[in-house]
4 protein chains.
Amino acid sequence: MKSKEEVVQEFRIHTIQEATMRVIARKGMAAATMQEIAEEAGVAKGTIYLYFRDRDELVEKTFETAMTQLGDRIDKVLETSLSFEEKLREAIRVRLAFFRENREFFRLYLSLRMPEGTPQQQRRQKRTCHPQYRTRVQKFAEVLKDAMKRGEIRELEQYRLALFVIEGSTAIILERLNEEAPPPEEADVEFMTQLILDGVRKR
Amino acid sequence: MKSKEEVVQEFRIHTIQEATMRVIARKGMAAATMQEIAEEAGVAKGTIYLYFRDRDELVEKTFETAMTQLGDRIDKVLETSLSFEEKLREAIRVRLAFFRENREFFRLYLSLRMPEGTPQQQRRQKRTCHPQYRTRVQKFAEVLKDAMKRGEIRELEQYRLALFVIEGSTAIILERLNEEAPPPEEADVEFMTQLILDGVRKR
Amino acid sequence: MKSKEEVVQEFRIHTIQEATMRVIARKGMAAATMQEIAEEAGVAKGTIYLYFRDRDELVEKTFETAMTQLGDRIDKVLETSLSFEEKLREAIRVRLAFFRENREFFRLYLSLRMPEGTPQQQRRQKRTCHPQYRTRVQKFAEVLKDAMKRGEIRELEQYRLALFVIEGSTAIILERLNEEAPPPEEADVEFMTQLILDGVRKR
Amino acid sequence: MKSKEEVVQEFRIHTIQEATMRVIARKGMAAATMQEIAEEAGVAKGTIYLYFRDRDELVEKTFETAMTQLGDRIDKVLETSLSFEEKLREAIRVRLAFFRENREFFRLYLSLRMPEGTPQQQRRQKRTCHPQYRTRVQKFAEVLKDAMKRGEIRELEQYRLALFVIEGSTAIILERLNEEAPPPEEADVEFMTQLILDGVRKR
DNA sequence: CATGAATGAGAATTCATTCAT
DNA sequence: AATGAATGAATTCTCATTCAT
């Protein structure tokens, strides 16, 4: 069982991460300062450093925490025994819902899923995608592979297909979040599902 | 005819913009400093300010210059009288080629096409896409509309469709640029073209 | 009662303002850098920005603080029920003493009482005197008006008269501060008092 | 006789100095840049350096040239055999006229007559008045001395008296230049003359 | 001589991080 | 553990000065 200290600690971490997402959502990654995050969280700047080594780690862990939540929700869908079409529709539905409920996280997600420089960084590493993002893509690629085996969909390079579908739908989610009056969620779910399944060609 | 001064000026601007793209490609938007851009361009810091008001304008103009080049190339394709399928294939081909030839620009493109905070910014404007990006999407949406009218493709919301296709293919381009040994370009062109046209469903 | 934090804060502000005056006294307004002020105050550059928005505010507030001190001392004299001659003599005495005690402030006073450009300024406003200076002149003009009403002095345009007297005596104070061995303060007090009262004409 | 080259040279110098005064009048000493002065003068930045070692020398020489003009005009008055009262009145009249005709110079005069820091300067010299200004004061002090000898005015310390009168009247000239509708020049000439001669005391 | 593009030292300001309380 | 004042490295931008044309 968790000791009282652990509970308090987890609560602090949670509070800080929530604040981090809100501030990044408001100001963007680059303009989000430790000062503002601290204020938003209602703690002192120094307190953040008790739980996170530095700014990079704070952002990183915040991203991971939220990504894990999203991942868990999607995994739950993908691990069912639904048909591919149903899994696809449901996964899209879950993503739309998750980003609606976690609007703040979306900006962070946009910044981190793909390579982007952070302030202060000097590293010259070959930029690739964030590991968690890559894992997500891979899991989806697995599902695609299964569907191919079962003859539900055509044989296609799975990783590329996964990327295409995920980024295509991310674009539409962003569009929705920027729209004054977006259409019903279900309409976009259906739009994407059909698009992915049947393409654009008239038959 | 251009005077000698104009030629020199254009050359300088070009050199600086090239350097800007290289540095952003290496360090990312946020970590790209004026100092490093100047070094990369082989000029003094102050020189950059002779041609660009400030960092924001440098980045903005650099983005616009490259986007205009890409846009021109794609427009040339879209304005032909090819069938939709051929236009789509050719447009994808052009994008792949452009980003292969302008690897450096791609990172800048990733940073700017979509809302992301720039340093120093305090603005609280509703974040939406970069105007040039939006224009690109809209032009593609027009082409889709025409194809619908001509019965080549199904009736679908065009702007969303355009976004989905563009971002989906951008993801694959990024993947290619990060791959040690990407498949032949033509393979990915065909992959995407068929995917968009026919979807994933087996028939 | 003041909390400990307030005391510390006020002390810091005081220290920084003192340093500001010393540096300006040494280098002049334009050449006084934040770096040097910080060193003089024995704090880091950044610390100054905890207490003052920017260089302009630092200089402005420093000026105002000292001007207010001087103003208070002079007001105390002007609000007594002394005769005009006594008020004048006493006010001059106070000014001489104040600038002796606050030598450093005097350079700042010379720079700011009257219009002069500050670095970075682009403003094209009609330059006039500093509000605090103007207030000082006006208060003295009021006293002159009273003395006229009471028939102690001749009827003259008061604001101009106030300006003349203040700037005339400022010049002598500057002279004193630059002299190796200035005459006793009381001598200059008497010199100015008699000059203002009786002019130069022999009778 | 002057060679053609000398004439051209003198003309250039004159043009540049005029421009310098106008720019300083507009922007103030600190904000007056070489670039703007060059533009105002209609020459290239580099050209200025053909005639003046650096910014300091440009400003210095410009000040001196104008001060010499003012000095010459005043000397012409002081060297007449007028009575002291007439000399005083006439000298004030000349100063008022000169600064009306050379409004631009006035700002430079305010900046330089008295010690003030110039940008880039590191010197730690004891700040005193500008030599030309000091000379002016001294000449006026001589005239005062003569008037004392001749019994026209009371015996007073001359240098201090000169300073007081000059700075007092400078303040009024500044006031005039800032006024929307200043009184007739002659009124202020008379105001100052009588003030200096008779003081403020009612008799 | 005249030019003005190029230079780079230097200034203001920001903000992640530390550490005494 | 929590705080937040203090720090100073890092960054952007300016402008006097130089020098190749």
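The chains referred to below are lettered A, B, ... by the order of the sequence lines, with proteins before strands, and numbering in each begins at 1. Every heavy atom of this structure was used, including side-chain atoms; hydrogens, water molecules and symmetry mates were not.
For the atom pair OG1 (D:Thr20) and CE (D:Met34), the distance works out to 7.5 Å, reported to the nearest 0.5 Å. The distance from the CZ atom of C:Arg12 to the CD atom of C:Gln9 is 10.5 Å, given to the nearest 0.5 Å. To the nearest 0.5 angstrom, C:Met21 atom CE is 13.5 Å from C:Arg107 atom CZ. Here CZ of B:Arg26 is found 11.0 Å from CD1 of B:Ile24. Values are rounded to the nearest 0.5 Å. The structure places CD of A:Glu40 at 11.5 Å from OG1 of A:Thr15, a figure rounded to the nearest 0.5 Å. If you take NE2 on D:His14 and CD on D:Glu18, they are separated by 4.0 Å, rounding to the nearest 0.5 Å.
The distance between atom CD of A:Glu57 and atom C1' of E:dT17, rounded to the nearest whole Å, is 14 Å. Per the geometry, CD1 belonging to C:Ile13 stands 12 Å off P belonging to F:dA5, to the nearest Å. Rounded to a whole Å, the CZ atom of C:Phe11 is 11 Å from the P atom of F:dA6. Atom CG in A:Asp56 sits about 14 Å away from atom C1' in E:dC15, given to the nearest Å. E:dC1 atom C1' lies 16 Å from atom CD of D:Glu6, rounded to whole Å. We find that CE of D:Met29 is positioned 15 Å from C1' of F:dA16, with the value rounded to whole Å. Atom P of nucleotide F:dT7 and atom CD1 of C:Ile16 are separated by 9 Å, given to the nearest angstrom. The distance between atom CG of B:Leu58 and atom P of F:dT11, rounded to the nearest whole Å, is 16 Å.
Across E:dA2, E:dA16, E:dT21, the shortest atom-to-atom separation from the side chain of A:Met34 is found for E:dA16. Side-chain proximity of D:Arg12 to F:dA6, E:dA2, E:dA16: nearest is E:dA2. Closest to the B:Tyr51 side chain, of the nucleotides E:dA5, F:dT17, F:dA5, is E:dA5.
Using a 4.0 Å heavy-atom criterion, one finds that D:Arg53 contacts no nucleic acid atom at all. Among the protein residues, A:Phe52 comes within range of no part of the nucleic acid, since none of its heavy atoms lies under 4.0 Å from any strand.
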Tabulate below the donor-acceptor pairs under 3.5 Å that side-chain atoms of residues 60-67 of chain B make, not counting sequence neighbours, or state none.
{"from": "B:Glu60", "atom 1": "OE2", "to": "B:His130", "atom 2": "NE2", "distance (Å)": "3.0"}
{"from": "B:Lys61", "atom 1": "NZ", "to": "B:Glu57", "atom 2": "OE2", "distance (Å)": "3.1"}
{"from": "B:Thr62", "atom 1": "OG1", "to": "B:Leu58", "atom 2": "O", "distance (Å)": "2.6"}
{"from": "B:Thr65", "atom 1": "OG1", "to": "B:Gln17", "atom 2": "OE1", "distance (Å)": "3.3"}
{"from": "B:Thr65", "atom 1": "OG1", "to": "B:Gln17", "atom 2": "NE2", "distance (Å)": "3.3"}
{"from": "B:Thr65", "atom 1": "OG1", "to": "B:Lys61", "atom 2": "O", "distance (Å)": "2.8"}

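The residue among C:Thr33 and D:Gln9 whose nearest nucleotide of DNA chain E is located toward the 5' end is D:Gln9.
Applying a 4.0 Å cut-off to non-hydrogen atoms, the residues of residues 37-49 of chain A that approach DNA chain F are A:Val43, A:Ala44, A:Lys45, A:Gly46, A:Thr47, listed by residue number.
Stem analysis of DNA chain F (at least three stacked-register Watson-Crick or G-U pairs, each with both distances under 3.5 Å) gives E:2-21 with F:2-21.
For the residue pair D:Met29 and D:Leu108, the shortest heavy atom distance occurs at CE-CD1, 4.1 Å.
Put simply, the side chain of D:Phe52 does not reach to within 4.5 Å of the side chain of D:Val59, judged on heavy atoms.
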